[in-house]
J.: 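My questions all concern the structure below.
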Number of protein chains: 2
Amino acid sequence: MARRPYHHGNLRAELIEASFALLARDGLSGFSVAQVARTLGVSTASPYRHFADRDHLLAAVAAQAALELADRIRSDADAAGSDPRERFAVTAGTYVRYVARRGAGYPVIFATSLAGLEDPELVQAGRALMSLMLQLAQETGVAPTPERALLLLERHGVIAQGYLTLHREGFLTLGDVSLDGIAERATEATRDLLRAFADA
Amino acid sequence: MARRPYHHGNLRAELIEASFALLARDGLSGFSVAQVARTLGVSTASPYRHFADRDHLLAAVAAQAALELADRIRSDADAAGSDPRERFAVTAGTYVRYVARRGAGYPVIFATSLAGLEDPELVQAGRALMSLMLQLAQETGVAPTPERALLLLERHGVIAQGYLTLHREGFLTLGDVSLDGIAERATEATRDLLRAFADA
DNA sequence: GTCTATAAATAGATAGAC
DNA sequence: GTCTATCTATTTATAGAC
(Lines give C-alpha, C1' and ligand atoms only; values in the text may rest on other atoms or scores of the structure.)
Protein backbone atom coordinates (compact mmCIF):
# COMPACT_ATOMS: atom_id res chain seq x y z
CA MET A 1 0.00 0.00 0.00
CA ALA A 2 1.26 3.45 -0.87
CA ARG A 3 1.57 5.43 2.32
CA ARG A 4 -0.13 8.80 2.52
CA PRO A 5 1.95 12.00 2.81
CA TYR A 6 1.78 11.79 6.59
CA HIS A 7 1.40 14.83 8.64
CA HIS A 8 -0.66 17.87 8.31
CA GLY A 9 0.56 20.42 10.79
CA ASN A 10 -2.72 21.88 11.82
CA LEU A 11 -5.30 19.15 11.50
CA ARG A 12 -7.47 20.28 14.39
CA ALA A 13 -8.20 23.67 12.84
CA GLU A 14 -8.65 22.13 9.41
CA LEU A 15 -11.16 19.62 10.77
CA ILE A 16 -13.24 22.47 12.15
CA GLU A 17 -13.04 24.40 8.90
CA ALA A 18 -14.00 21.34 6.81
CA SER A 19 -16.88 20.69 9.21
CA PHE A 20 -18.30 24.13 8.41
CA ALA A 21 -18.15 23.38 4.70
CA LEU A 22 -19.92 20.06 5.18
CA LEU A 23 -22.60 21.56 7.44
CA ALA A 24 -23.26 24.33 4.93
CA ARG A 25 -23.67 21.80 2.13
CA ASP A 26 -25.52 18.92 3.82
CA GLY A 27 -26.85 20.28 7.08
CA LEU A 28 -26.49 18.80 10.53
CA SER A 29 -28.06 15.48 9.54
CA GLY A 30 -25.57 14.95 6.73
CA PHE A 31 -22.60 15.71 8.95
CA SER A 32 -20.23 12.84 9.68
CA VAL A 33 -16.70 12.61 11.05
CA ALA A 34 -15.77 10.17 8.29
CA GLN A 35 -16.87 12.57 5.56
CA VAL A 36 -14.95 15.45 7.12
CA ALA A 37 -11.82 13.29 7.21
CA ARG A 38 -12.25 12.26 3.57
CA THR A 39 -12.62 15.90 2.53
CA LEU A 40 -9.17 16.59 3.97
CA GLY A 41 -7.64 13.42 2.59
CA VAL A 42 -6.77 12.03 6.01
CA SER A 43 -7.77 8.70 7.51
CA THR A 44 -11.08 8.37 9.32
CA ALA A 45 -9.16 7.63 12.51
CA SER A 46 -7.26 10.92 12.59
CA PRO A 47 -10.05 13.14 13.90
CA TYR A 48 -10.26 11.01 17.04
CA ARG A 49 -6.73 12.14 18.01
CA HIS A 50 -8.14 15.69 18.27
CA PHE A 51 -11.73 15.16 19.36
CA ALA A 52 -13.08 12.48 21.68
CA ASP A 53 -16.12 11.89 19.48
CA ARG A 54 -18.48 13.42 16.92
CA ASP A 55 -20.17 15.68 19.45
CA HIS A 56 -16.91 17.15 20.71
CA LEU A 57 -15.97 18.09 17.15
CA LEU A 58 -19.41 19.63 16.67
CA ALA A 59 -19.06 21.55 19.93
CA ALA A 60 -15.79 23.09 18.75
CA VAL A 61 -17.49 24.07 15.49
CA ALA A 62 -20.45 25.52 17.42
CA ALA A 63 -18.17 27.58 19.67
CA GLN A 64 -16.34 29.03 16.69
CA ALA A 65 -19.65 29.71 14.94
CA ALA A 66 -20.87 31.69 17.94
CA LEU A 67 -17.70 33.79 17.89
CA GLU A 68 -17.82 34.38 14.14
CA LEU A 69 -21.52 35.20 14.21
CA ALA A 70 -21.02 37.73 16.99
CA ASP A 71 -18.23 39.33 14.93
CA ARG A 72 -20.42 39.61 11.85
CA ILE A 73 -23.26 41.03 13.89
CA ARG A 74 -21.05 43.69 15.45
CA SER A 75 -19.58 44.55 12.09
CA ASP A 76 -22.93 44.69 10.21
CA ALA A 77 -24.55 46.70 13.00
CA ASP A 78 -21.74 49.22 12.82
CA ALA A 79 -22.00 49.37 9.03
CA ALA A 80 -25.72 50.11 9.40
CA GLY A 81 -25.00 53.46 11.04
CA SER A 82 -26.14 55.04 14.25
CA ASP A 83 -29.91 54.45 14.23
CA PRO A 84 -30.24 51.77 16.95
CA ARG A 85 -33.36 50.27 15.37
CA GLU A 86 -31.70 49.86 12.01
CA ARG A 87 -28.62 48.43 13.71
CA PHE A 88 -30.82 45.76 15.32
CA ALA A 89 -32.88 45.09 12.19
CA VAL A 90 -29.95 44.37 9.88
CA THR A 91 -28.66 41.63 12.16
CA ALA A 92 -31.57 39.42 11.13
CA GLY A 93 -30.15 39.49 7.61
CA THR A 94 -26.69 38.92 9.03
CA TYR A 95 -27.91 35.75 10.73
CA VAL A 96 -29.54 34.43 7.56
CA ARG A 97 -26.47 35.05 5.42
CA TYR A 98 -23.96 33.78 7.96
CA VAL A 99 -25.79 30.57 8.81
CA ALA A 100 -26.65 29.76 5.21
CA ARG A 101 -22.99 30.11 4.25
CA ARG A 102 -21.41 28.43 7.27
CA GLY A 103 -24.10 25.91 8.20
CA ALA A 104 -24.10 26.54 11.95
CA GLY A 105 -26.57 28.81 13.75
CA TYR A 106 -28.73 28.67 16.85
CA PRO A 107 -29.75 25.01 16.32
CA VAL A 108 -26.08 23.99 16.43
CA ILE A 109 -24.81 26.54 18.96
CA PHE A 110 -27.60 25.75 21.41
CA ALA A 111 -28.19 22.13 20.39
CA THR A 112 -29.65 20.05 23.20
CA SER A 113 -27.25 17.21 22.37
CA LEU A 114 -24.24 19.49 22.92
CA ALA A 115 -25.55 21.10 26.11
CA GLY A 116 -24.76 17.91 28.02
CA LEU A 117 -21.06 18.27 27.16
CA GLU A 118 -20.84 21.49 29.16
CA ASP A 119 -17.98 22.61 26.93
CA PRO A 120 -16.76 25.82 28.62
CA GLU A 121 -15.76 27.56 25.37
CA LEU A 122 -19.13 26.81 23.77
CA VAL A 123 -21.06 27.94 26.83
CA GLN A 124 -19.03 31.14 27.03
CA ALA A 125 -19.34 31.93 23.30
CA GLY A 126 -23.08 31.26 23.35
CA ARG A 127 -23.56 33.56 26.31
CA ALA A 128 -21.50 36.31 24.69
CA LEU A 129 -23.60 36.07 21.53
CA MET A 130 -26.85 36.33 23.47
CA SER A 131 -25.46 39.16 25.54
CA LEU A 132 -24.57 41.10 22.39
CA MET A 133 -28.01 40.54 20.89
CA LEU A 134 -29.73 41.58 24.10
CA GLN A 135 -27.70 44.77 24.20
CA LEU A 136 -28.68 45.63 20.61
CA ALA A 137 -32.30 44.86 21.49
CA GLN A 138 -32.24 47.18 24.50
CA GLU A 139 -30.55 49.99 22.61
CA THR A 140 -33.48 50.16 20.18
CA GLY A 141 -35.40 51.89 22.94
CA VAL A 142 -38.65 50.14 22.01
CA ALA A 143 -38.35 47.58 24.83
CA PRO A 144 -38.65 49.48 28.12
CA THR A 145 -38.49 46.44 30.43
CA PRO A 146 -36.10 43.45 30.48
CA GLU A 147 -39.09 41.23 29.72
CA ARG A 148 -39.89 43.22 26.58
CA ALA A 149 -36.25 43.14 25.50
CA LEU A 150 -36.19 39.36 25.85
CA LEU A 151 -39.40 39.09 23.84
CA LEU A 152 -37.90 41.31 21.15
CA LEU A 153 -34.83 39.11 21.07
CA GLU A 154 -36.99 36.00 20.82
CA ARG A 155 -39.03 37.42 17.94
CA HIS A 156 -35.83 38.46 16.16
CA GLY A 157 -34.49 34.92 16.41
CA VAL A 158 -37.80 33.46 15.27
CA ILE A 159 -37.85 35.66 12.16
CA ALA A 160 -34.22 35.01 11.25
CA GLN A 161 -34.34 31.26 11.87
CA GLY A 162 -37.80 30.99 10.28
CA TYR A 163 -36.67 32.61 7.04
CA LEU A 164 -33.55 30.49 7.03
CA THR A 165 -35.41 27.21 7.56
CA LEU A 166 -38.11 27.93 5.00
CA HIS A 167 -35.48 29.04 2.52
CA ARG A 168 -33.36 25.92 3.02
CA GLU A 169 -36.34 23.58 2.76
CA GLY A 170 -37.63 25.08 -0.44
CA PHE A 171 -40.81 26.64 0.90
CA LEU A 172 -40.03 30.13 -0.39
CA THR A 173 -40.36 30.13 -4.17
CA LEU A 174 -41.73 33.59 -4.98
CA GLY A 175 -39.81 36.77 -5.67
CA ASP A 176 -36.06 37.10 -5.21
CA VAL A 177 -35.04 33.83 -3.58
CA SER A 178 -31.31 34.53 -3.67
CA LEU A 179 -29.64 34.38 -0.29
CA ASP A 180 -29.29 38.16 -0.17
CA GLY A 181 -32.93 38.50 -1.14
CA ILE A 182 -34.08 36.26 1.71
CA ALA A 183 -31.75 38.04 4.14
CA GLU A 184 -33.27 41.38 3.14
CA ARG A 185 -36.79 39.99 3.74
CA ALA A 186 -35.74 38.94 7.25
CA THR A 187 -34.38 42.42 7.90
CA GLU A 188 -37.54 44.05 6.57
CA ALA A 189 -39.71 41.80 8.80
CA THR A 190 -37.59 42.87 11.76
CA ARG A 191 -38.08 46.55 10.90
CA ASP A 192 -41.84 45.95 11.02
CA LEU A 193 -41.40 44.14 14.31
CA LEU A 194 -39.64 47.18 15.78
CA ARG A 195 -42.41 49.49 14.55
CA ALA A 196 -44.99 47.26 16.24
CA PHE A 197 -42.99 47.34 19.51
CA ALA A 198 -42.64 51.11 19.30
CA ASP A 199 -46.40 51.56 18.83
CA ALA A 200 -47.38 49.17 21.62
CA MET B 1 -36.27 -19.78 13.24
CA ALA B 2 -39.72 -19.09 14.59
CA ARG B 3 -41.81 -17.63 11.82
CA ARG B 4 -43.55 -14.35 12.45
CA PRO B 5 -47.36 -14.15 12.61
CA TYR B 6 -47.57 -13.32 8.90
CA HIS B 7 -49.95 -10.83 7.60
CA HIS B 8 -51.14 -7.56 8.76
CA GLY B 9 -54.16 -6.54 6.76
CA ASN B 10 -53.46 -2.88 6.39
CA LEU B 11 -49.72 -2.45 6.39
CA ARG B 12 -49.64 0.52 4.04
CA ALA B 13 -51.71 2.72 6.33
CA GLU B 14 -49.86 1.49 9.41
CA LEU B 15 -46.50 2.32 7.83
CA ILE B 16 -47.66 5.88 7.27
CA GLU B 17 -48.94 6.15 10.83
CA ALA B 18 -45.74 4.72 12.32
CA SER B 19 -43.74 7.12 10.16
CA PHE B 20 -45.53 10.05 11.80
CA ALA B 21 -44.64 8.73 15.24
CA LEU B 22 -41.00 8.31 14.28
CA LEU B 23 -40.79 11.77 12.68
CA ALA B 24 -42.32 13.36 15.76
CA ARG B 25 -39.80 11.64 18.00
CA ASP B 26 -36.57 11.79 15.97
CA GLY B 27 -37.18 14.32 13.22
CA LEU B 28 -36.57 13.92 9.51
CA SER B 29 -32.92 13.04 9.99
CA GLY B 30 -33.72 10.16 12.34
CA PHE B 31 -36.31 8.73 10.00
CA SER B 32 -35.55 5.35 8.42
CA VAL B 33 -37.63 2.74 6.66
CA ALA B 34 -35.99 0.02 8.73
CA GLN B 35 -36.95 1.69 12.01
CA VAL B 36 -40.54 2.15 10.89
CA ALA B 37 -40.72 -1.54 10.02
CA ARG B 38 -39.27 -2.57 13.38
CA THR B 39 -41.82 -0.40 15.21
CA LEU B 40 -44.58 -2.43 13.57
CA GLY B 41 -42.84 -5.76 14.11
CA VAL B 42 -42.60 -6.52 10.39
CA SER B 43 -39.53 -7.32 8.34
CA THR B 44 -37.49 -4.50 6.87
CA ALA B 45 -38.37 -5.76 3.40
CA SER B 46 -42.13 -5.39 3.81
CA PRO B 47 -42.36 -1.63 3.31
CA TYR B 48 -40.90 -2.02 -0.17
CA ARG B 49 -44.00 -3.95 -1.24
CA HIS B 50 -46.01 -0.77 -0.60
CA PHE B 51 -43.55 2.02 -1.41
CA ALA B 52 -40.87 2.04 -4.09
CA ASP B 53 -38.35 3.64 -1.76
CA ARG B 54 -37.85 5.84 1.31
CA ASP B 55 -38.90 9.01 -0.50
CA HIS B 56 -42.15 7.53 -1.75
CA LEU B 57 -43.09 6.60 1.80
CA LEU B 58 -42.19 10.08 2.95
CA ALA B 59 -44.25 11.60 0.15
CA ALA B 60 -47.31 9.64 1.29
CA VAL B 61 -46.72 10.88 4.83
CA ALA B 62 -46.28 14.45 3.58
CA ALA B 63 -49.52 14.30 1.59
CA GLN B 64 -51.46 13.06 4.59
CA ALA B 65 -49.81 15.72 6.79
CA ALA B 66 -50.97 18.45 4.40
CA LEU B 67 -54.54 17.13 4.55
CA GLU B 68 -54.51 16.78 8.35
CA LEU B 69 -52.95 20.20 8.84
CA ALA B 70 -55.56 21.84 6.61
CA ASP B 71 -58.27 20.11 8.65
CA ARG B 72 -56.84 21.36 11.95
CA ILE B 73 -56.45 24.86 10.56
CA ARG B 74 -60.07 24.97 9.38
CA SER B 75 -61.29 23.60 12.67
CA ASP B 76 -59.19 25.92 14.88
CA ALA B 77 -60.08 28.94 12.76
CA ASP B 78 -63.77 28.14 13.17
CA ALA B 79 -63.32 27.64 16.92
CA ALA B 80 -61.70 31.09 17.11
CA GLY B 81 -64.95 32.79 16.14
CA SER B 82 -65.85 35.28 13.46
CA ASP B 83 -63.10 37.91 13.75
CA PRO B 84 -61.06 37.19 10.60
CA ARG B 85 -57.83 38.49 12.13
CA GLU B 86 -58.15 36.20 15.14
CA ARG B 87 -59.06 33.31 12.85
CA PHE B 88 -55.80 33.86 10.97
CA ALA B 89 -53.69 34.42 14.08
CA VAL B 90 -54.65 31.22 15.88
CA THR B 91 -53.52 29.09 12.93
CA ALA B 92 -49.89 29.90 13.78
CA GLY B 93 -50.44 28.08 17.07
CA THR B 94 -52.23 25.32 15.20
CA TYR B 95 -49.17 24.82 13.01
CA VAL B 96 -46.80 24.68 15.97
CA ARG B 97 -48.92 22.15 17.86
CA TYR B 98 -49.70 19.97 14.87
CA VAL B 99 -46.15 19.77 13.55
CA ALA B 100 -44.61 19.21 16.99
CA ARG B 101 -47.00 16.31 17.60
CA ARG B 102 -46.94 14.75 14.15
CA GLY B 103 -43.43 15.61 13.00
CA ALA B 104 -44.32 16.76 9.49
CA GLY B 105 -44.82 20.41 8.49
CA TYR B 106 -43.72 22.69 5.66
CA PRO B 107 -40.16 21.29 5.52
CA VAL B 108 -41.57 17.82 4.81
CA ILE B 109 -44.61 18.81 2.75
CA PHE B 110 -42.57 21.09 0.49
CA ALA B 111 -39.24 19.25 0.79
CA THR B 112 -37.02 19.79 -2.22
CA SER B 113 -36.13 16.10 -2.27
CA LEU B 114 -39.79 15.14 -2.64
CA ALA B 115 -40.63 17.77 -5.25
CA GLY B 116 -38.80 15.72 -7.86
CA LEU B 117 -41.22 12.82 -7.35
CA GLU B 118 -44.12 14.92 -8.64
CA ASP B 119 -46.50 12.82 -6.53
CA PRO B 120 -49.94 14.07 -7.62
CA GLU B 121 -51.55 13.59 -4.20
CA LEU B 122 -48.77 15.49 -2.46
CA VAL B 123 -48.81 18.32 -4.99
CA GLN B 124 -52.60 18.60 -4.73
CA ALA B 125 -52.64 18.49 -0.91
CA GLY B 126 -49.85 21.07 -0.70
CA ARG B 127 -51.70 23.41 -3.04
CA ALA B 128 -54.96 23.02 -1.10
CA LEU B 129 -53.15 23.88 2.14
CA MET B 130 -51.59 27.01 0.65
CA SER B 131 -54.89 27.96 -0.91
CA LEU B 132 -56.63 27.72 2.46
CA MET B 133 -53.95 29.78 4.17
CA LEU B 134 -54.07 32.42 1.44
CA GLN B 135 -57.83 32.69 1.81
CA LEU B 136 -57.55 33.20 5.57
CA ALA B 137 -54.84 35.80 4.95
CA GLN B 138 -57.03 37.72 2.49
CA GLU B 139 -60.07 37.61 4.75
CA THR B 140 -58.16 39.50 7.46
CA GLY B 141 -58.68 42.62 5.36
CA VAL B 142 -55.21 43.97 6.20
CA ALA B 143 -53.68 42.85 2.89
CA PRO B 144 -55.34 44.85 0.13
CA THR B 145 -53.29 43.47 -2.76
CA PRO B 146 -52.37 39.88 -3.70
CA GLU B 147 -48.73 40.78 -3.11
CA ARG B 148 -49.48 41.91 0.44
CA ALA B 149 -51.51 38.75 1.09
CA LEU B 150 -48.61 36.60 -0.05
CA LEU B 151 -46.23 38.55 2.18
CA LEU B 152 -48.61 38.11 5.10
CA LEU B 153 -48.72 34.38 4.40
CA GLU B 154 -44.92 34.24 4.22
CA ARG B 155 -44.52 36.06 7.53
CA HIS B 156 -47.09 33.77 9.14
CA GLY B 157 -45.13 30.72 8.01
CA VAL B 158 -41.85 32.25 9.15
CA ILE B 159 -43.23 32.91 12.64
CA ALA B 160 -44.81 29.48 13.01
CA GLN B 161 -41.84 27.54 11.64
CA GLY B 162 -39.38 29.77 13.49
CA TYR B 163 -41.00 29.15 16.86
CA LEU B 164 -41.21 25.45 16.08
CA THR B 165 -37.55 25.12 15.10
CA LEU B 166 -36.20 27.14 18.02
CA HIS B 167 -38.42 25.17 20.38
CA ARG B 168 -37.28 21.82 19.01
CA GLU B 169 -33.61 22.75 19.09
CA GLY B 170 -33.69 23.97 22.67
CA PHE B 171 -33.14 27.66 22.02
CA LEU B 172 -36.22 28.79 23.93
CA THR B 173 -35.62 28.26 27.62
CA LEU B 174 -37.43 31.16 29.28
CA GLY B 175 -41.04 31.32 30.45
CA ASP B 176 -43.62 28.67 29.65
CA VAL B 177 -41.83 26.32 27.28
CA SER B 178 -44.62 23.75 27.11
CA LEU B 179 -45.87 23.06 23.62
CA ASP B 180 -49.08 24.99 24.26
CA GLY B 181 -47.05 27.86 25.67
CA ILE B 182 -44.90 28.08 22.55
CA ALA B 183 -47.96 27.77 20.32
CA GLU B 184 -49.56 30.70 22.14
CA ARG B 185 -46.41 32.79 21.64
CA ALA B 186 -46.59 32.11 17.90
CA THR B 187 -50.23 33.17 17.85
CA GLU B 188 -49.44 36.34 19.82
CA ALA B 189 -46.59 37.20 17.41
CA THR B 190 -49.05 36.77 14.53
CA ARG B 191 -51.56 39.11 16.20
CA ASP B 192 -48.81 41.75 16.35
CA LEU B 193 -47.99 41.04 12.71
CA LEU B 194 -51.61 41.73 11.75
CA ARG B 195 -51.63 44.99 13.70
CA ALA B 196 -48.48 46.08 11.86
CA PHE B 197 -50.09 45.24 8.51
CA ALA B 198 -53.27 47.09 9.47
CA ASP B 199 -51.30 50.22 10.41
CA ALA B 200 -49.11 50.20 7.31
C1' DG C 1 -48.03 -9.72 0.80
C1' DT C 2 -45.02 -11.06 4.00
C1' DC C 3 -41.07 -13.59 5.16
C1' DT C 4 -35.71 -14.88 5.46
C1' DA C 5 -31.44 -13.81 3.89
C1' DT C 6 -28.22 -11.05 1.93
C1' DA C 7 -25.47 -7.37 -0.55
C1' DA C 8 -23.27 -2.95 -0.60
C1' DA C 9 -22.76 1.57 1.76
C1' DT C 10 -21.71 4.23 5.46
C1' DA C 11 -20.92 5.52 10.18
C1' DG C 12 -18.64 5.68 14.91
C1' DA C 13 -14.99 4.22 17.18
C1' DT C 14 -10.67 1.43 18.64
C1' DA C 15 -6.04 -1.23 18.31
C1' DG C 16 -1.69 -1.19 17.14
C1' DA C 17 2.16 -0.05 13.62
C1' DC C 18 5.28 3.68 12.48
C1' DG D 1 0.06 12.54 15.26
C1' DT D 2 -1.14 10.02 11.54
C1' DC D 3 -1.55 5.70 9.44
C1' DT D 4 -3.73 0.85 8.21
C1' DA D 5 -6.88 -2.35 9.53
C1' DT D 6 -10.77 -3.88 11.78
C1' DC D 7 -15.17 -4.36 14.57
C1' DT D 8 -19.93 -3.41 15.26
C1' DA D 9 -24.08 -1.34 14.02
C1' DT D 10 -27.23 0.63 10.79
C1' DT D 11 -29.41 1.65 6.44
C1' DT D 12 -31.32 1.05 1.68
C1' DA D 13 -32.71 -2.15 -1.28
C1' DT D 14 -33.17 -6.76 -3.72
C1' DA D 15 -33.75 -12.00 -4.49
C1' DG D 16 -36.26 -15.66 -3.76
C1' DA D 17 -39.07 -18.87 -0.52
C1' DC D 18 -43.81 -19.50 1.10
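Worth knowing before you read on, the calculation uses all heavy atoms, side chains too, and leaves out hydrogens, waters and symmetry mates. The sequence lines fix the lettering, A, B, ..., with proteins before strands; numbering per chain opens at 1.
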J.: Report yes if the distance between the aromatic ring centroids of B:Tyr106 and B:Tyr95 is under 6.0 Å, otherwise no.
T.: yes
J.: In chain order, what residues pass the side chain to side chain contact (heavy atoms under 4.5 Å, CB included) check against A:Ala45, with sequence neighbours excluded?
T.: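 Partners of A:Ala45 by the side chain to side chain contact (heavy atoms under 4.5 Å, CB included) criterion, ordered by chain and then number, come out as A:Ser43.
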J.: Less than 4.5 Å apart, any side-chain heavy atom of A:Phe20 and any of A:Arg25?
T.: no
J.: Is the backbone N or O of A:Gln35 less than 3.5 Å from a side-chain atom of A:Thr39, with the two atoms forming a donor-acceptor pair by type?
T.: yes
J.: If only atom types and distance count, is the side chain of B:Thr94 paired as donor or acceptor with the main-chain N or O of B:Val90 below 3.5 Å?
T.: yes
J.: Within the structure, does a side-chain N or O atom of B:Ser43 lie under 4.0 Å from either OP1 or OP2 of C:dC3?
T.: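 For B:Ser43, the contact criterion (side-chain N or O under 4.0 Å from OP1 or OP2 of C:dC3) is met.
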J.: Under the salt bridge (charged side-chain N to carboxylate O under 4.0 Å, His left out) definition, can you give me all pairs with a residue in residues 170-183 of chain B, not counting sequence neighbours?
T.: B:Arg101-B:Asp180
J.: Could you tell me which residues satisfy side chain to side chain contact (heavy atoms under 4.5 Å, CB included) with A:Ser82, sequence neighbours excluded, listed by chain and number?
T.: none
J.: Going by heavy atoms closer than 4.0 Å, what residues in residues 10-19 of chain A are next to DNA chain C?
T.: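 Heavy-atom contacts with DNA chain C come from no residue of residues 10-19 of chain A; none.
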J.: Going by the rule side chain to side chain contact (heavy atoms under 4.5 Å, CB included), which residues pair with A:Gln135 if we only count those two or more places apart in sequence or in a different chain?
T.: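 So A:Gln135 forms a side chain to side chain contact (heavy atoms under 4.5 Å, CB included) with A:Glu139.
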J.: Would you mind building the protein contact string for nucleotides 11-16 of chain D? One character per nucleotide, 5' to 3', B for base within reach (heavy atoms under 4.0 Å), S for sugar-phosphate only, - for untouched.
T.: SSBBB-
